[in-house]
Amino acid sequence: MNKLIQSTVALLLIGSTAFAEDKHDHNKVIPGPKGGKIVEVEGGHAEFFVQPDKKVSVTFYGEDMKPIPPAEQAVTLIAEAPAGKTKLEFEKNADALVSKDVLPEGDGYRVVLQIRNTADAKPQNIRIEYHTEVCGKCNRAEYACICTGDDGHGH
């Protein structure tokens, strides 16, 4: 009986060590390589980035944060701007999908990014509060701020 208890304790310790070795911190904010907001998507990550011309680019990355050229992914965006809702369609452009049109004028509105792994797949909806002012701590646009709430910044 004593050996059974020892074996059980040993298995529990091994199992808890395996969980402790999971290096992927789901609470860590990952900075976007282009300066945008990184969101988790099926199979990796996507970066939502508003370009200087106000078009939106979405770049896909694997779990290792290496870029993945867009293949069958489909992206649409709904901007809930004060002037009304606007839908943006995307097209392939080099290493990303880029909106055909620009974001509506203004700031401080919600953007709903719809990402599908294939054109007919169910969309993954990601809500982003779009604010363009620059964060004083991380020097990124507020929509892409990487500061965490525990530093008093409040994001």
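The line from CG of Asp107 to CD of Glu142 is 9.5 Å long, rounded to the nearest 0.5 Å. Interatomic distance, Glu40 CD to Ile115 CD1, rounded to the nearest 0.5 Å: 11.5 Å. With values rounded to the nearest 0.5 angstrom, Asp101 atom CG is found 9.0 Å from Glu89 atom CD. Distance NZ/Lys34 to OG1/Thr59: 2.5 Å, rounded to 0.5 Å. Atom NZ of Lys54 sits about 10.5 Å away from atom CG of Leu88, to the nearest 0.5 Å. Atom CD in Glu47 sits 6.5 Å away from atom OG in Ser57 (nearest 0.5 Å).
Scanning both residues, Ser99 and Phe90, for their nearest heavy atoms gives N-CD2, 3.3 Å. Nearest heavy-atom pair across Pro104 and Tyr109 is O-OH, 2.9 Å. Looking at every heavy atom in both residues, Pro70 comes nearest to Ala94 through CD-O, 4.2 Å. Closest non-hydrogen pair, Val102 versus Asp53, comes out as CG1-O, 3.2 Å.
A donor-acceptor pair under 3.5 Å links the side-chain atoms of Arg140 to the main chain of Gly32, judged by distance alone. No donor-acceptor pair closer than 3.5 Å links the side chain of Tyr130 to the backbone N or O of Leu103. A side-chain donor-acceptor contact under 3.5 Å links Lys92 to the backbone of Ala71.
Side-chain contact check for Thr76 and Gln114: at least one donor-acceptor pair (N or O, by modelled atom type) lies under 3.5 Å. A donor atom on one side chain and an acceptor atom on the other are found under 3.5 Å apart for Thr118 and Asp120.
At a threshold of 4.0 Å, the pair Arg110-Glu129 counts as salt-bridged, since one of the basic side-chain nitrogens sits closer than that to a carboxylate oxygen.
Counted within 6.0 Å of CD on Glu105, heavy atoms from surrounding residues, nucleotides or ligands total 12 or fewer; the atom is thus considered open. At most 12 heavy atoms of other shown residues, nucleotides or ligands fall within 6.0 angstrom of atom CD in Glu42.
Residues Ile38 and Met65 form a side-chain contact, since some pair of their non-hydrogen atoms from C-beta on lies under 4.5 Å apart. Using a 4.5 Å cut-off on side-chain heavy atoms (C-beta onward), Asn117 and Phe60 make no contact. In this structure, the side chains of Ile30 and Tyr61 stay at 4.5 Å or more apart for every pair of heavy atoms.
Hydrophobic clustering keeps Val39 apart from Ile146 (ILVMFWY residues linked when any side-chain heavy atoms are closer than 4.5 Å, directly or through intermediates). In terms of hydrophobic clustering, with Ile, Leu, Val, Met, Phe, Trp and Tyr side chains grouped at heavy-atom distances under 4.5 Å, Val58 and Val98 are assigned to different clusters. Note on Val41: it clusters hydrophobically with Leu97, by side-chain heavy-atom contacts below 4.5 Å among ILVMFWY residues.
By the 30° and 60° cut-offs, the orientation of the rings of Tyr143 relative to Phe48 is perpendicular.
Remark: of the listed residues Ile128, Thr86, Ile126, Leu113, Leu113 is the sole one forming a side chain to side chain contact (heavy atoms under 4.5 Å, CB included) with Leu77.
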